[in-house]
Amino acid sequence: MNTEPLNQKSLERVVSQKALQIGSSFPCQICVVGFLSGVCLTSLFLAALTSLGTFEFGGISFSSISLGDSPLNSSSSGFINTVTSADCKFKRKEIFTERWVDSKRSENGVDDERVSLLHSAWSALLSESVDGEIAFWKSSGLSKSAVPNAPHLENCKLSEQINEHLDKRAENERLPPWTTWKGLLTAHPASMPAEQLRYFRHQAMPEGAYPPWIIGSDEENYPLTRKVQRDVWLHQHPENCRDPNIRFLVAEWERLPGFGIGAQLAGMCGLLAIAINEKRVLVTSYYNRADHDGCKGSLRSSWSCYFFPETSRECRDHAFELMGNKEALERGIVTTKDNYTSKEIWTGRTPRVWGEPWRFLQPTTEINGSLVASHRKMDRRWWRAQAIRYLMRFQTQYMCGLMNVARNAAFGKDVAKMSLTSLGKEWPKDFGNKRRSDIEEFVWSNHRPWTPRPLLSMHVRMGDKACEMKVVEFEGYMHLADRIRQRFPHLKSVWLSTEMQEVINKSKLYTNWNFYYTNVTRQVGNATMAAYEASLGRKTSTNYPLVNFLMAAEADFFIGALGSTWCFLIDGMRNTGGKVMAGYLSVNKDRFW
């Protein structure tokens with residue numbers, strides 16, 4: 001083995017370190033300044049002799065000075081700025097800029113300026129302010145066609161169009177086209193003709209067509225999840241809403257002071273159970289948390305600002321017509337929330353249409369180091385999971401946009417670094433409006449937006465919740481996180497949701513974890529949740545919890561507190577979203593178990 005280059009590098013490294021130590025002394029600094037002044041004067045003198053790149057002096061040939069071969073290449077930014085701002089102006093000042101950019105490159109060859117530019121471009125595309133967006137494109141000199149695809153962002157308009165197609169009964173069919181190919185494949189020129197697709201659907205129907213919003217097999221979800229979701233959709237979407245045998249339950253969302261989003265959702269789960277037991281179509285009305293300027297037009301004050309409506313437009317319209325009909329109210333064709341007691345809504349009978357599938361729940365929840373095999377409220381846990389999954393089956397364009405903004409703020413720079421690594425050094429100069437290939441357009445378009453994997457979601461509930469459950473400090477949650485990482489050592493990313501600033505501050509002490517969280521003002525002290533939400537305003541206090549909820553539902557692992565209704569519902573979304581075998585580590589148990 002030839003060791004000469006290695007020894008030479010070692011010698012250079014030692015000399016450089018000694019030079020830095022000596023250079024920190026004041027007398028040496030004076031000498032360096034004098035030396036640089038001499039270099040400047042010499043450069044000017046030599047430039048006057050010749051305008052060529054090379055020249056001869058005393059029989060010796062010289063080339064233009066290259067900073068690439070100089071130890072100044074590794075200087076700090078302050079030192080380089082001092083040199084470039086001097087009166088002595090080098091012939092190619094751009095060299096300093098290029099070398100400074102090179103010195104800022106990360107290990108994978110991507111510089112911070114280009115990362116910031118790409119991240120800002122994605123942010124501009126998401127911007128709601130047209131003026132701000134135009135200002136960015138003008139100041140950056142970029143065109144939208146030069147911005148590469150963002151793997152962490154979803155095409156919300158296209159997704160909503162596809163989901164509307166999947167949430168509407170096909171012509172002369174009992175079910176929506178759930179047995180067709182995924183994503184945009186049905187739009188591909190080589191796809192089956194419409195008649196063949198219809199034949200294929202009819203062949204698949206006897207064996208069961210299941211809703212596309214359920215991920216995974218029966219074994220990866222709560223028992224009968226796919227069948228229950230199909231049946232609930234059929235119950236909520238009768239073929240003829242004006243059939244005189246169709247009855248309705250019209251209910252507005254709870255809005256009593258102190259009721260959080262979790263309580264509102266739990267209440268609506270109870271009302272959906274009543275509707276199924278009484279063979280009524282549930283129609284939701286006023287939703288106070290959507291009563292803000294983010295929800296436009298008819299979506300304002302409606303659940304369908306965030307998620308697809310619980311029933312069809314035809315059924316909604318007819319139900320509201322009946323609300324104005326005194327005879328329909330008296331005959332019970334339409335009922336309201338006032339027709340039922342609080343006990344019936346909150347702890348009423350779980351639908352038995354599908355038997356008692358909760359008796360077959362797998363023990364995948366751990367509390368205090370032991371798996372919970374059974375408890376007194378297994379039926380309620382199973383049903384709320386089914387109800388919340390149905391109510392949140394499809395995101396609207398507005399909700400999808402909120403998720404995009406959150407992912408871009410949290411992961412955008414990481415994604416930009418990865419994207420630029422694949423694009424190379426040419427971007428943004430040599431990046432035109434490249435046509436997407438067919439596999440990108442029709443196949444990969446169905447993939448979910450990128451997030452760091454594996455991802456652990458952690459919801460830390462403290463504050464005024466102490467009056468309802470045992471509150472555990474952040475250290476207790478991190479103890480459980482370390483236990484997960486012992487089994488999955490590649491786990492390092494945490495999506496942290498909490499209302500407490502104290503928790504955010506403590507998370508910074510755990511430097512071996514990467515924490516991501518929404519950028520909102522958090523609570524200091526033990527004010528009530530109602531007071532905290534009021535300080536944020538209705539729009540923010542609704543939007544950011546729903547983002548956290550969906551991020552938790554999609555994460556690979558979850559740590560929470562089952563004594564919290566919010567965590568209880570997150571658990572339900574995960575257990576109807578293919579996450580049963582991921583397990584659930586809880587710092588406490590539900591107070592009703």
Side-chain angles (χ1 to χ4, degrees), residues 150-156 159-160 162-163 166 182-183 211-217 220-222 225-226 229 261-262 265 306-308 364-365 384-386 388-412 414-415 444-460 481 484 488 490-498 513-518 543-560 564 566-586:
H152 62 305
L153 303 181
E154 187 171 1
N155 186 333
C156 296
S159 293
E160 187 174 64
I162 293 173
N163 292 337
L166 296 173
K182 284 188 174 183
W213 58 85
I214 300 302
I215 299 171
S217 64
E220 295 170 297
N221 292 284
Y222 271 173
T225 289
R226 294 195 298 167
Q229 293 296 311
I261 303 180
L265 288 169
Y306 293 99
F307 299 94
F308 273 36
T364 57
T365 300
R384 282 186 179 176
Q386 302 298 335
I388 198 68
R389 171 57 64 179
Y390 176 76
L391 292 172
M392 292 184 168
R393 65 192 183 282
F394 287 133
Q395 299 171 27
T396 62
Q397 190 172 336
Y398 178 66
M399 186 70 241
C400 174
L402 294 177
M403 295 298 291
N404 272 347
V405 170
R407 279 191 297 265
N408 191 54
F411 317 131
D414 293 339
V415 179
W444 294 343
S445 59
N446 192 60
H447 284 230
R448 295 294 303 152
W450 183 92
T451 55
R453 299 288 183 183
L455 181 65
L456 164 65
S457 177
M458 184 184 296
H459 181 68
V460 182
I484 297 176
F488 304 96
H490 54 304
L491 174 65
K492 60 181 180 179
S493 299
V494 178
W495 182 270
L496 180 60
S497 61
T498 181
W513 291 88
N514 297 327
F515 289 92
Y516 303 95
Y517 40 82
T518 52
N543 290 355
Y544 98 86
L546 288 175
V547 166
N548 284 330
F549 189 95
L550 294 177
M551 288 297 298
E554 296 175 4
D556 299 285
F557 303 99
F558 183 68
I559 295 175
S564 161
W566 193 243
C567 290
F568 193 103
L569 295 173
I570 289 173
D571 177 54
M573 277 290 280
R574 292 176 58 77
N575 287 323
T576 53
K579 304 288 186 182
V580 161
M581 296 310 295
Y584 185 149
L585 275 71
S586 179

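Since the model is a prediction, treat every value here as computed from it, not as a measurement. Numbers here are sequence positions counted from 1.
- Considering only heavy atoms from C-beta on, N543 stays 4.5 Å or farther from V547 through its side chain.
- We find that E154 and R448 are joined by a salt bridge, their nearest charged nitrogen and carboxylate oxygen being less than 4.0 Å apart.
- Of the options R389, R226, Q229, a side-chain hydrogen bond (donor to acceptor under 3.5 Å, both in side chains) to T576 is made by R389 and by none of the others.
- A 4.5 Å side-chain heavy-atom check between F394 and P212 finds at least one atom pair inside the cut-off.
- Counting only distance, with no hydrogens or angles, the side chain of Q397 and the backbone of E160 share no donor-acceptor pair below 3.5 Å.
- The closest donor-acceptor contact from the side chain of N221 to the backbone of G577 lies under 3.5 Å.
- Checked by atom type and distance alone, the side chain of N408 never pairs as donor or acceptor with a backbone atom of N404 at under 3.5 Å.
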Inset, instruction - Could you go through the side-chain contact (heavy atoms from CB on, under 4.5 Å) check for D414 and N514 one step at a time? - result: CA-CA 12 Å; D414 293 339; N514 297 327; over 6 Å; no
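- Note that CE of M458 and CG of L585 are 10.0 Å apart. Values are rounded to the nearest 0.5 Å.
- How far CZ of F308 is from CE of M392: 14.5 Å, rounded to the nearest 0.5 Å.
- Scanning all heavy atoms of the two residues, the minimum distance from L265 to I388 falls at CD2-CD1, 3.7 Å.
- In this structure the side chain of L491 reaches within 4.5 angstrom of the side chain of W513, judged on heavy atoms.
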Inset, instruction - In sequence, state the C-alpha distance, the side-chain angles, and the governing distance for L569 and F549, and then conclude on side-chain contact (heavy atoms from CB on, under 4.5 Å). - result: CA-CA 9 Å; L569 295 173; F549 189 95; 3.9 Å; yes
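- Residues F488 and L456 form no side-chain contact, since every pair of their non-hydrogen atoms from C-beta on lies 4.5 Å or further apart.
- Put simply, the side chain of R453 never gets that close to the backbone of S493: no donor and acceptor are under 3.5 Å apart.
- Both the sub-6.0 Å distance and the 45° axial angle are not jointly satisfied by R574 relative to the ring of F558.
- When atom types are taken as modelled, the side chain of T396 and the backbone of Y306 share a donor-acceptor pair closer than 3.5 angstrom.
- Counting only heavy atoms from C-beta outward, the side chains of L550 and M573 approach each other to under 4.5 Å.
- The structure places CG of L496 at 9.0 Å from OG1 of T518, a figure rounded to the nearest 0.5 Å.
- No side-chain donor-acceptor contact under 3.5 Å links R407 to the backbone of T451.
- Separating the CG atom in L546 from the OH atom in Y544 is a distance of 11.0 Å, to the nearest 0.5 Å.
- Counting heavy atoms from C-beta on, the side chains of N548 and W495 come closer than 4.5 Å.
- Residues W566 and P545 meet the side-chain proximity criterion, which asks for heavy atoms closer than 4.5 Å.
- Going from atom SG of C567 over to atom NE2 of H459 covers 4.5 Å, rounded to the nearest 0.5 Å.
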Legend entry - Steps toward side-chain contact (heavy atoms from CB on, under 4.5 Å) verdict (N163, R393): CA-CA 10 Å; N163 292 337; R393 65 192 183 282; over 6 Å; no
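- How far CE of M403 is from SG of C156: 10.0 Å, rounded to the nearest 0.5 Å.
- The side-chain heavy atoms of Y584 and T364, taken from C-beta on, include no pair separated by under 4.5 Å.
- Aromatic ring orientation, W450 versus F411: perpendicular (interplanar angle above 60°, classes split at 30° and 60°).
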